[in-house]
Participant: 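Pasting in a structure now, in structure tokens, and then I'll have a few things to ask.
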Amino acid sequence: MTVRAPADTHEVFNQSPPFVDVDLYACDAALQDAVRANGAAGEAEALSAFGRRWGSAAMAEAARLANEYPPRLKTYDARGFRRDTVEFHPAYHGFMAESIGEGLHASTWTAEGAPAPAPAEVARAARFYMVAQVENGHMCPVTMTRAALGALAAEPALRDRLLPKILSRHYDPSFRPWWEKAGMTLGMGMTEKQGGTDVRANTTRATPVGDGYLIDGHKWFMSAPMCDAFLVLAQAPGGLTCLLMPRFRPDGQVNGLRFQRLKDKLGNRSNASSEVEFVNAFAWRVGEEGRGVPTIIRMVQLTRLDCAISSAGIMRMALAQAVHHARHRTVFQRKLVDQPMMRLLLADLALDAEAAVAVVLRLCRSFDGAARDPQEAARARLLTPVVKYWVCKTAPAFVYEAMECLGGNGYVEEGALARLFREAPVNAIWEGSGNVMGLDVLRALAREAEESRAVLAALGAEAAGLPGVGETLAAIERTLAAPEREAHARSAVERLALLAAAAALATGAPSGIAEAFARARLGPSGGRTWGTAPLEGSVVTRLIERVLPA
Ligand SMILES: Cc1cc2nc3c(=O)[nH]c(=O)nc-3n(C[C@H](O)[C@H](O)[C@H](O)COP(=O)(O)OP(=O)(O)OC[C@H]3O[C@@H](n4cnc5c(N)ncnc54)[C@H](O)[C@@H]3O)c2cc1C
């Protein structure tokens, strides 16, 4: 119980209590429906225990600390020797231990490094989505570690040596060679000063020596620099190549990674993002020389999925805070949640939060089924950039609107909204920015034309009967057939995302929710800001009640 001293000059009342000590699973009807619809109903009890732990006041306070005391680079020690280490607040290490202990970096892989059986992706995504509601920075190394195994599949012998340490559920932050540690984490370095999207412009060089390569050059962004090894791209004699660069050389010496600075970032502050130079840094090749992009893309597909899951989680927490506040705050003698304009605004926001979690978990089911079902594989290929585009782009404006529901308190750092707001844009920028997602969708449609058409037809069938579905399909076809389709790719991608979301709601949410979403988002009515959707009173009530039980 919190004991508060009385204010001298006035009584404090009509403030909403903190939204803490909640079960993040049990209070989220949309999440529960999506988990059930995508084959993970058996996880409900474990997810509820997870939701209680992550919804606690202690976790919320730790998240505040991890972000208020950001990491610091220690380039040299007191005697001038290079150290190149990063110091984090203990709260950050606590989050790493929690997430790795839960297997969020590993649970989608078997002990042999193959994709784990269904519903591994959906079950992990439900947890990842809850973690994103609390602390985002530490999720960067967690997602990179799990995704790196996608790329390491190109080099099975190397992967098998590292696997026991990667899959270990012990977080070991000590600065030692990976083989001496209880567990290891992995990062990724692709982006250079002259080009991030255009990695073929990389100038970092890889020179073959013995059973490895020596790397010279730099990376302009390399997050989570205290990882134990990094997948990097560099120019080898045979072209752009993927390599794995450990922090310590095989002889136990510290490897040649020289961290120049940590980025001073808008958000994601608990996570360190470095600028780094490589000086004769040792690395192993992963995949063939010249096949760097196709090799690392197997990692990037998974990190893109995680960006979408995480943004859906950010949206969920922002909305839950808004509804919680509106239920407690009285303005003009009436609770905010009973005021007509606020009700429509909250319900309109809830439509997108419902859609985000539904479409994201449906996509995770495609990853679960991809190994044995070509249709699910095609769906995962086409819809990952589509879903990343829409969910990650929706989140920043969505959080801002939810923030406004809390009035001035929403804008102040002590609440969760300010941090969520600063956190939201990065998921759209990294792992391929918005336009790059548009190009990737066009690439999938060109290269896997037949499979992609089948995905479109399946979405149309699943959403059949909902308002605006026929028109949306026709508009997508028109855009894709136009000679200037690259210029209009965003329009096709956005429509595809809305169609996929309507289909996911049609097959997973209770009746009426998909209909309301399709009417508001596929139909001609509704404005460009939230609170303008054509929603009837009974649907408004239902949507708000689904956000949080009264
Ligand atoms: C906090 C943070 C952490 C990061 N951590 C890492 C990391 O750990 N490892 C790593 O490798 N990178 C990391 N990045 C880098 C990130 O992945 C890149 O910033 C991103 O891929 C964009 O590359 P760029 O910055 O070079 O921008 P550019 O490639 O210059 O792109 C600028 C803009 O142009 C658009 N664009 C590009 N090509 C086209 C085109 N053909 N048509 C139309 N528009 C186009 C892009 O969508 C983008 O909006 C991080 C970035 C941030 C912000």
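Below, all heavy atoms of this structure are taken into account, side chains as well, without hydrogens, waters or symmetry copies. Counting starts at 1 for both ligands and their atoms, following the listed order.
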Participant: Check whether any N or O atom of T197, backbone or side chain, sits under 3.5 Å from an N or O atom of ligand 1, and answer yes or no.
Facilitator: yes
Participant: For ligand 1, which atoms, with element, lie under 4.0 Å from some heavy atom of V436?
Facilitator: 47 (O)
Participant: Quiz question for you: does at least one protein heavy atom lie closer than 4.0 Å to atom 51 (C) of ligand 1?
Facilitator: yes
Participant: May I ask you to check whether S270 and E135 show a side-chain donor-acceptor distance below 3.5 Å?
Facilitator: yes
Participant: Distance to 0.1 Å, residue and atom name: give those for the protein heavy atom nearest to atom 14 (N) of ligand 1.
Facilitator: F221 CB, 3.3 Å
Participant: Would you check whether S223 has a nitrogen or oxygen atom less than 3.5 angstrom from a nitrogen or oxygen atom of ligand 1?
Facilitator: yes
Participant: Against Y389, only a single residue in E494, R490, R304 fulfils side chain to side chain donor-acceptor pair (under 3.5 Å); can you say which?
Facilitator: R490
Participant: Salt-bridge test for D440 and R447: reply yes if a basic N is under 4.0 Å from a carboxylate O, no otherwise.
Facilitator: no
Participant: Verify whether one side chain among T108 and R146 offers a donor that lies under 3.5 Å from an acceptor in the other.
Facilitator: yes
Participant: Look only at interatomic distance and state if M188 has a nitrogen or oxygen under 3.5 Å from any nitrogen or oxygen of ligand 1.
Facilitator: yes
Participant: Indicate whether the side chain of Q235 and that of N202 have a donor and an acceptor atom separated by less than 3.5 Å.
Facilitator: no
Participant: Go through the side-chain N and O atoms of D211 and W284 and say whether any donor and acceptor fall under 3.5 Å apart.
Facilitator: no
Participant: Between K263 and F221, is NZ or CZ placed under 6.0 angstrom from the six-membered ring centre and within 45° of the ring axis?
Facilitator: yes
Participant: Given that the side chain starts at C-beta and the backbone is N, CA, C, O, which of these parts of M222 lies under 4.0 Å from ligand 1, counting heavy atoms, or is it both or neither?
Facilitator: backbone
Participant: With heavy-atom distances below 4.0 Å as the criterion, list the atoms of ligand 1 near M190.
Facilitator: 10 (C), 11 (O)
Participant: So is T191 polar-close to ligand 1, meaning N/O to N/O under 3.5 Å?
Facilitator: yes
Participant: For ligand 1, does N268 get within less than 4.0 Å through its side chain, its backbone, both, or neither, judged by non-hydrogen atoms?
Facilitator: neither
Participant: If you measure every N or O of M144 against every N or O of ligand 1, does any of those distances drop under 3.5 Å?
Facilitator: no
Participant: Of the listed options (V232, V426, N435, I429), which comes nearest to atom 21 (O) of ligand 1 when hydrogens are ignored and any heavy atom counts?
Facilitator: I429
Participant: In the protein, what heavy atom is nearest to atom 2 (C) of ligand 1, and what distance, to one decimal place, separates them?
Facilitator: W430 CE3, 3.6 Å
Participant: Do the ring planes of H138 and W54 sit parallel (below 30°), tilted (30 to 60°) or perpendicular (above 60°)?
Facilitator: parallel
Participant: Could you tell me whether R161 and E155 make a salt bridge, using a distance below 4.0 angstrom between a side-chain N and a carboxylate O?
Facilitator: no
Participant: Using a 4.0 Å cutoff against the non-hydrogen atoms of G189, which atoms of ligand 1 qualify?
Facilitator: 11 (O)
Participant: Under 4.0 angstrom from atom 29 (O) of ligand 1, is there any protein heavy atom?
Facilitator: yes
Participant: Could you list which atoms of ligand 1 come closer than 4.0 Å to a heavy atom of G195?
Facilitator: 26 (O)
Participant: Do R53 and F50 meet the cation-pi criteria used here (NZ or CZ under 6.0 Å from the six-membered ring centre, within 45° of the axis)?
Facilitator: no
Participant: Number the atoms of ligand 1 from 1 as they appear, then name those within less than 4.0 Å of a heavy atom of K265, with their elements.
Facilitator: 1 (C)
Participant: Measure the distance from atom 42 (N) of ligand 1 to every protein heavy atom, then report the residue, atom name and distance (to 0.1 Å) of the closest one.
Facilitator: L439 CD1, 4.1 Å
Participant: For atom 24 (P) of ligand 1, which of S274, G187, G196, G434 has the closest heavy atom?
Facilitator: G196
Participant: Flag this pair as yes if the NZ/CZ of R82 is under 6.0 angstrom from the six-membered ring centre of Y76 and inside a 45 degree cone about the axis; otherwise no.
Facilitator: yes
Participant: Can you tell me if E289 uses its side chain to pair, donor with acceptor, with the backbone of T241 under 3.5 Å?
Facilitator: no
Participant: Around atom 47 (O) of ligand 1, find the nearest protein heavy atom and jot down its residue, atom name and distance.
Facilitator: S433 CB, 3.1 Å
Participant: Do M96 and F88 make a side-chain contact, defined as non-hydrogen atoms from C-beta onward lying under 4.5 Å apart?
Facilitator: no
Participant: Are any of the protein's heavy atoms under 4.0 angstrom from atom 17 (O) of ligand 1, yes or no?
Facilitator: yes
